[in-house]
> 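First the structure, then my questions, so here it is.
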Amino acid sequence: MSLADKIFVDMCKDILENGTSTEGELVRPHWEDGTSAYTIKKFGVVNRYDLSKEFPAITLRKTAVKTCTEEMLWIWQRKSNNIHDLKSTVWDEWADENGSIGKAYGYQLAQKHQYKEGMMDQVDRVIYDLKHNPFSRRILTNIYVHEDLHEMNLYPCAYSMTFNVTQQPGEEKLTLNAILNQRSQDVLAANNWNVCQYAVLMHMLAQVCDMKVGELVHVIADAHIYDRHVPLIKELISREQHPAPKFWLNPEVKDFYQFTTDDIRITDYVTGPQIKDIPIAV
């Protein structure tokens with residue numbers, strides 16, 4: 001069965017059984033009807049996915065891998081903060097009348113900085129170091145920029161990636177690993193979405209840097225299940241689990257900026273039914 005399913009089910013059970021409730025506290029999120037959106041939360045959740053063994057899409061319900069990849073490319077490749085550059089509607093509620101989400105996400109990755117090697121943005125710096133300084137302990141991105149927070153329509157949730165390269169015994173190619181840091185996560189709505197999109201990112205970066213893909217470690221400071229999501233989660237984690245799907249990435253693409261969603265393929269993906277009309281707290 002899928003390791004991603006086991007990780008997801010164990011995490012949800014731990015939150016429900018051992019988490020703390022925010023009910024009665026002064027909280028920012030609210031439901032569309034205006035009532036406060038409380039959560040059951042766990043601090044410091046750490047999940048590890050070995051991408052060399054399986055692609056971490058859960059099978060309890062379908063994760064739209066191409067759509068989450070489109071969002072990842074919007075941020076990491078196009079480095080955009082405008083929804084008109086995004087082929088989905090997931091960011092519409094955060095955009096202003098011009099389509100901008102402010103100085104958030106892709107905007108931060110697009111900013112160029114001075115290095116000894118010249119001016120580079122954060123993504124180009126990562127790719128440069130993976131190719132030229134792979135064993136550096138300084139290969140990371142960070143989009144939680146305090147001086148710009150007041151101009152962001154949404155503070156970054158997944159805010160940093162730290163890359164670490166290892167040389168596995170007997171392997172000619174280096175192995176790319178990474179830690180995804182997330183300050184807060186709506187487990188039902190976003191957990192596997194984020195896991196899949198950053199797994200795809202790692203596959204793409206490993207390919208263009210002539211490496212093998214290794215571990216994705218997902219660190220969530222505040223992993224929470226909203227009060228109105230509890231029955232949905234309980235039903236979801238009781239479902240039958242299936243083998244992990246197969247992931248294909250077009251081996252002809254050697255330039256990160258040439259990837260499109262057509263260059264990925266998910267096959268043998270057997271899942272349970274989708275959960276429709278999930279209430280989203282804002």
Side-chain angles (χ1 to χ4, degrees), residues 1-15 45-73 76 130 158 161-182 185 187-220 223 233 236-251 253 256 259 261-275:
M1 295 296 102
S2 164
L3 175 61
D5 284 334
K6 183 181 186 307
I7 291 173
F8 184 83
V9 169
D10 289 348
M11 172 182 62
C12 290
K13 286 182 176 178
D14 187 33
I15 294 172
V45 169
V46 180
N47 294 324
R48 308 182 78 104
Y49 305 88
D50 188 341
L51 305 184
S52 70
K53 294 181 177 178
E54 70 171 45
F55 187 79
I58 61 172
T59 70
L60 303 167
R61 64 166 174 152
K62 184 178 180 180
T63 296
V65 178
K66 279 187 177 284
T67 307
C68 72
T69 297
E70 163 64 19
E71 182 193 43
M72 180 275 290
L73 292 174
W76 278 77
L130 290 177
M161 281 285 279
T162 303
F163 298 93
N164 190 275
V165 176
T166 54
Q167 176 75 70
Q168 300 297 327
E171 295 287 348
E172 182 177 346
K173 283 191 175 183
L174 300 177
T175 298
L176 177 63
N177 310 284
I179 297 175
L180 169 63
N181 279 297
Q182 193 151 3
Q185 185 173 76
V187 166
L188 177 61
N191 179 264
N192 200 239
W193 176 278
N194 290 139
V195 170
C196 286
Q197 64 187 171
Y198 281 91
V200 173
L201 173 65
M202 285 185 61
H203 274 280
M204 289 179 172
L205 291 176
Q207 179 164 300
V208 301
C209 296
D210 196 28
M211 295 181 183
K212 296 178 62 177
V213 72
E215 263 198 305
L216 170 62
V217 181
H218 190 194
V219 180
I220 313 169
I233 283 284
L236 180 64
I237 63 177
S238 70
R239 293 180 176 181
E240 180 183 2
Q241 299 176 25
H242 303 278
K246 294 181 176 62
F247 175 79
W248 177 87
L249 182 65
N250 184 354
V253 181
F256 176 68
F259 280 115
T261 55
D262 291 334
D263 292 310
I264 67 169
R265 193 177 302 152
I266 303 294
T267 58
D268 299 334
Y269 193 19
V270 179
T271 71
Q274 190 55 272
I275 301 176

> Can you name the closest pair of heavy atoms from Asn250 and Phe259 and give their distance?
O-CE2, 4.3 Å
> Quick check: does any side chain N or O of Gln197 sit under 3.5 Å from a backbone N or O of Glu71, one acting as donor and the other as acceptor?
no
> Can you check whether Leu51 reaches Pro56 side chain to side chain, under 4.5 Å on heavy atoms?
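Yes, side chains in contact.
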> Once rounded to the nearest 0.5 Å, what's the spacing between atom CG of Leu236 and atom CG of Leu188?
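If we round to the nearest 0.5 Å, Leu236:CG and Leu188:CG are 7.0 Å apart.
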> Identify the heavy atoms of Cys196 and Cys68 that sit nearest to each other, and give their distance.
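Residues Cys196 and Cys68, closest heavy atoms: CB-SG, 3.9 Å.
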> Grab the two heavy atoms, one from Val187 and one from Cys12, that are nearest each other, plus how far apart they are.
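Nearest heavy atoms, Val187 then Cys12: CG1-SG, 3.8 Å.
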> Is the backbone of Ala4 close enough, under 3.5 Å, to the side chain of Glu54 for a donor and an acceptor to pair up by distance?
yes
> Can you check side-chain contact (heavy atoms from CB on, under 4.5 Å) on Asp14 and Asp10, steps first, answer last?
CA-CA 6 Å; Asp14 187 33; Asp10 289 348; over 6 Å; no
> Please report the C-alpha distance between Ile220 and Asn191 in whole Å, then the side-chain angles of each, then the deciding distance to 0.1 Å, and finally whether the side-chain contact (heavy atoms from CB on, under 4.5 Å) criterion is met.
CA-CA 10 Å; Ile220 313 169; Asn191 179 264; 3.8 Å; yes
> Any sub-3.5 Å donor-acceptor pair from Asn47's side-chain atoms to His218's backbone N or O?
no
> I'd like to know if the side chain of Tyr269 reaches the main chain of Ile58, judged simply by a donor and an acceptor atom lying under 3.5 Å from each other, with no hydrogens or angles considered.
yes
> Could you please spell out the steps behind the side-chain contact (heavy atoms from CB on, under 4.5 Å) verdict for Met72 and Met204?
CA-CA 11 Å; Met72 180 275 290; Met204 289 179 172; 3.9 Å; yes
> So if I apply the ring-ring contact (aromatic ring centres under 6.0 Å, His included) rule between His203 and each of Phe247, Tyr49, Tyr198, Phe256, which one comes out positive?
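Testing His203 for a ring-ring contact (aromatic ring centres under 6.0 Å, His included) against Phe247, Tyr49, Tyr198, Phe256 leaves exactly one candidate, Phe247.
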> In Å and rounded to the nearest 0.5 Å, what is the NZ to CG distance from Lys212 to Leu174?
10.5 Å
> Please report the shortest heavy-atom distance between Val45 and Ala223, naming the atom on each side.
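Residues Val45 and Ala223, closest heavy atoms: CG2-CB, 3.7 Å.
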> Rounded to the nearest 0.5 Å, what's the gap from CG on Leu216 to CG on Leu176? Could you check?
10.0 Å
> Between Glu240 (side chain only) and Gly272 (backbone N and O only), is there a donor and an acceptor less than 3.5 Å apart?
no
> For the side chain of Arg239 and the backbone of Leu60, is there at least one donor-acceptor N/O pair under 3.5 Å apart?
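Yes, the answer is positive, given that a donor and an acceptor are paired below the 3.5 Å cut-off.
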> Is the side chain of Lys66 donor-acceptor paired with the backbone N or O of Ile264 at a distance under 3.5 Å, no angle test?
yes
> Is the CZ atom of Arg61 crowded by more than 12 outside heavy atoms at less than 6.0 Å?
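Above 12, so yes.
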> Can you name the closest pair of heavy atoms from Pro245 and Ile266 and give their distance?
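Looking at all heavy atoms of both residues, the shortest contact is CB-CG2, 3.7 Å.
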> Which value, rounded to the nearest 0.5 Å, describes the distance between Thr267 atom OG1 and Phe55 atom CZ?
11.0 Å
> Of the options Thr271, Thr59, Asn192, which is the one that meets Asp5 in a side chain to side chain donor-acceptor pair (under 3.5 Å)?
Thr59
> Could you tell me whether Glu171 atom CD has more than 12 heavy atoms of other residues or ligands within 6.0 Å of it?
yes
> Shortest non-hydrogen contact from Lys173 to Met211?
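The pair with the smallest heavy-atom distance is CD-C, 4.4 Å.
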> Under 3.5 Å, is there a donor-acceptor pair between the side chain of Asn177 and the main chain of Glu215?
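Such a contact is found between Asn177 side chain and Glu215 backbone.
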> Go through Met161 and Leu201 one step at a time and tell me if the side-chain contact (heavy atoms from CB on, under 4.5 Å) criterion holds.
CA-CA 11 Å; Met161 281 285 279; Leu201 173 65; 4.3 Å; yes
